[in-house]
Peer 1: 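Structure below; questions to follow.
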There are 2 protein chains.
Amino acid sequence: MSRRAEADRNDEAVFLAARDVFADVGADAPMSAIAARAGVGMGSLYRRYPSKVDLMRAVCTTSMERSMAEADRALAEEPDGWSALTRYMRRCVDLRVGSLARLAGMFPATAEMFALAERGQKVIDEITGRAKAEGTLRADVTSADIVLTISEMSALPAGPYRHRWLALVLDGLRAPGAGILPGPAPDWSSVRDRWVYQESPVSRS
Amino acid sequence: MSRRAEADRNDEAVFLAARDVFADVGADAPMSAIAARAGVGMGSLYRRYPSKVDLMRAVCTTSMERSMAEADRALAEEPDGWSALTRYMRRCVDLRVGSLARLAGMFPATAEMFALAERGQKVIDEITGRAKAEGTLRADVTSADIVLTISEMSALPAGPYRHRWLALVLDGLRAPGAGILPGPAPDWSSVRDRWVYQESPVSRS
DNA sequence: AGCGTAGCGGAACAGAACGCTCCGCTCCGC
DNA sequence: GCGGAGCGGAGCGTTCTGTTCCGCTACGCT
């Protein structure tokens, strides 16, 4: 394999490793664990991302972009809101967007990230709004519920159960006359507030 | 307040703090974070538990005992399997048994813990068996599904949404004709194997 | 009232862990 | 045959964390 091809393959391997390790162990995963998972040395890791924070940022923005692309595609290709929603959620679990939740608040977020998040919010609102209008998605959930659900589900350890569990939740999401959900409904601020700009990482207390 | 009363109150404060901090941040939460959360100095923490591993073990065994007591009570007091199951799950979320999942495999488990777990397995089997026999719990879930669900749910960060989310899952658990769940069903070994005895903590890679 | 001590908080220490740098090596492409 | 792009991983300095230790407080007994 050419040097260039190896580099390209390593680019993706590093991204996937970082995403999975962050999703599994959280923001304070050691860089060496990521390098090891990618099957790459520290040198190769640091040539791509000058610092750990850069890596985190890259994982977040790329994950956001990829999941948003899935949302757009689901909206464009699926015949109805429910199938768009389920397809989107399934893809997010595959994409391990739970890494976002594990990384939230652990490094200074950029303005670009907030802009990306805002666009994401719009498209998820669109999907859930459509499914609710159809009457296939229960009326007492919010789009923030959906985002929180996806986060948790894709933060689950790798294994055969993530999709099984998602299916369970989807059945709950569709349940028509099961009584209304208790407690206040989360709104977008519950999601966004995890990311408030900060000079230094939040303490772990 | 008498010295003795203060000590008693600190006992419980330390336990609750450790449970919540472990559930929130995971097994490598600093002891100082636990002391701070309990509103107690390091000295008071270490007088109660000679080492961090002792604390972890105590959190695990006490959580197991308390949750098992809830299971017994639900079984004894509730009129049917479904209400016993929902009550038990709700109480587990309150008890933050998700700390167990975050601690699993991070320290050598004792034989006592395995014995406790075995008893827990029996009573959960009993509850789910009853609910399934009634036809209120969907037939394609296993008791390991239930345990995994409880773990994840009570590992969610504190806040108003844990019970809301549990309600969502419960609706999915009850859904009658929603198609069968994808993938292999987890069994008890998926739960038990997290705890295999080991001389030193598992690496974080 | 005075004192012994149980219980407390937190500074300090030693060692482990981690981010990051650096360097010698490999092997593609000319 | 050679120049250098790209690689792996040992090592450095720092930060973090488990644990100890000590001086202090104030309850309760005499």
Side-chain angles (χ1 to χ4, degrees), chain A residues 1-18 21-22 24-59 102-103 106-108 198-205, chain B residues 1-18 21-22 24-60 102-103 105-108 198-205:
Chain A
M1 174 175 20
S2 80
R3 267 330 204 189
R4 179 63 204 161
E6 182 177 8
D8 283 348
R9 201 203 33 171
N10 279 354
D11 280 342
E12 182 69 4
V14 164
F15 170 77
L16 292 179
V21 170
F22 282 138
D24 286 344
V25 353
D28 48 6
M31 289 295 266
S32 60
I34 293 169
R37 169 93 89 122
V40 142
M42 299 290 294
S44 305
L45 217 195
Y46 273 89
R47 185 159 335 92
R48 278 155 243 270
Y49 304 96
S51 78
K52 187 175 183 180
V53 167
D54 287 302
L55 213 205
M56 288 172 154
R57 265 198 268 264
V59 166
R102 301 290 232 124
L103 259 21
M106 303 306 289
F107 63 91
Q198 54 192 359
E199 206 58 53
S200 54
V202 86
S203 100
R204 286 149 93 200
S205 69
Chain B
M1 175 174 21
S2 82
R3 264 338 200 183
R4 180 63 203 161
E6 181 177 8
D8 282 348
R9 199 203 34 172
N10 278 355
D11 280 342
E12 182 69 5
V14 164
F15 169 77
L16 292 179
V21 170
F22 282 139
D24 286 343
V25 353
D28 48 5
M31 289 294 265
S32 58
I34 294 171
R37 170 91 89 121
V40 143
M42 300 293 293
S44 305
L45 216 194
Y46 273 88
R47 185 161 334 94
R48 276 154 245 268
Y49 305 95
S51 77
K52 185 175 184 179
V53 167
D54 287 301
L55 212 205
M56 287 171 156
R57 265 198 268 264
V59 166
C60 286
R102 301 290 233 126
L103 259 20
M106 303 307 287
F107 64 91
Q198 54 193 359
E199 207 57 53
S200 55
V202 86
S203 99
R204 288 148 94 200
S205 70

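The sequence lines fix the lettering, A, B, ..., with proteins before strands; numbering per chain opens at 1.
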Peer 1: Identify, between Pro50(A) and Gly39(B), the residue whose nearest nucleotide on DNA chain C lies closer to the 5' end.
Peer 2: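 This one resolves to Gly39(B).
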Peer 1: Arg57(B) and Phe107(B): which non-hydrogen atoms are nearest, and at how many Å?
Peer 2: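 Taking every non-hydrogen atom into account, CG-CE1, 3.3 Å.
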Peer 1: I want to check one thing: is the phosphate of dT19(D), taken as OP1 and OP2, less than 4.0 Å away from some side-chain N or O of Arg48(B)?
Peer 2: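 False: Arg48(B) side-chain N/O out of range (4.0 Å or more) of dT19(D) OP1/OP2.
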Peer 1: Quick check on dC18(C): is either OP1 or OP2 less than 4.0 Å from any side-chain nitrogen or oxygen of Ser32(A)?
Peer 2: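 Result: no.
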Peer 1: Do you know which two heavy atoms are closest between Phe22(A) and Ile34(A), and how far apart they sit?
Peer 2: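 Nearest pair, atom of Phe22(A) first, then Ile34(A): CZ-CD1, 3.7 Å.
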Peer 1: In whole Å, I'd like the distance from the CE atom of Met106(A) to the P atom of dG19(C).
Peer 2: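 Rounding to the nearest Å, CE of Met106(A) and P of dG19(C) are 12 Å apart.
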Peer 1: Taking pairing as Watson-Crick or G-U wobble with both contacts under 3.5 Å, can you name the mate of dA6(C), or confirm there isn't one?
Peer 2: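 Check on dA6(C): paired to dT25(D), both distances under 3.5 Å.
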Peer 1: When you measure from the side-chain N and O atoms of Ser44(A) to the phosphate of dG6(D), is any distance below 4.0 Å, counting only OP1 and OP2?
Peer 2: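 Result: no.
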Peer 1: From dG7(C), dT20(D), dC18(C), pick the nucleotide closest to the side chain of Tyr46(B)?
Peer 2: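 Looking only at side-chain atoms, Tyr46(B) lies closest to dT20(D).
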Peer 1: For Ser32(B) and Met42(B), work out which heavy atoms get closest and say how close.
Peer 2: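 It is CA-SD, 3.8 Å.
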Peer 1: Expressed in angstrom and rounded to an integer, what is the separation of Arg37(A) atom CZ from dG8(D) atom P?
Peer 2: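 Interatomic distance, CZ of Arg37(A) to P of dG8(D): 17 Å.
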Peer 1: Any idea which of dG19(C), dG9(C), dG18(D) is nearest the Val40(B) side chain?
Peer 2: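 Comparing dG19(C), dG9(C), dG18(D) against the side chain of Val40(B), the answer is dG9(C).
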Peer 1: Considering only dG9(C), dG6(D), dC18(C), which nucleotide approaches the side chain of Pro30(A) most closely?
Peer 2: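 Nearest to the side-chain atoms of Pro30(A), counting from C-beta on, is dC18(C).
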Peer 1: Considering just the side-chain nitrogens and oxygens of Asn10(B), establish if one lies under 4.0 Å of OP1 or OP2 belonging to dC8(C).
Peer 2: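 Yes.
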Peer 1: Rounding to an integer number of Å, can you tell me how far Met31(A) CE sits from dA17(C) P?
Peer 2: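 Whole-Å distance recorded here is 19 Å.
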Peer 1: Within the structure provided, determine whether Cys60(B) and Met56(B) are in side-chain contact (heavy-atom separation under 4.5 Å).
Peer 2: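 A side-chain contact is absent here, since even the closest heavy-atom pair is not under 4.5 Å.
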Peer 1: Would you call Asp24(A)-Arg37(A) a salt bridge at under 4.0 Å N-O?
Peer 2: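 Arg37(A) and Asp24(A): salt-bridged.
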Peer 1: Does dC20(C) pair with anything, Watson-Crick or G-U wobble, both distances under 3.5 Å, and if so, with which nucleotide?
Peer 2: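 With both distances under 3.5 Å, dC20(C) matches dG11(D).
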Peer 1: From dG19(C), dC7(D), dG7(C), pick the nucleotide closest to the side chain of Arg47(A)?
Peer 2: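 Closest of the options to the side chain of Arg47(A): dC7(D).
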Peer 1: dG7(C) phosphate, OP1 or OP2: any side-chain N/O from Arg9(B) under 4.0 angstrom?
Peer 2: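 Indeed not, no polar side-chain atom of Arg9(B) lies that close.
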Peer 1: Touch check for Met42(B), heavy atoms < 4.0 angstrom, all strands: base, sugar-phosphate only, or nothing?
Peer 2: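 Touches a base.
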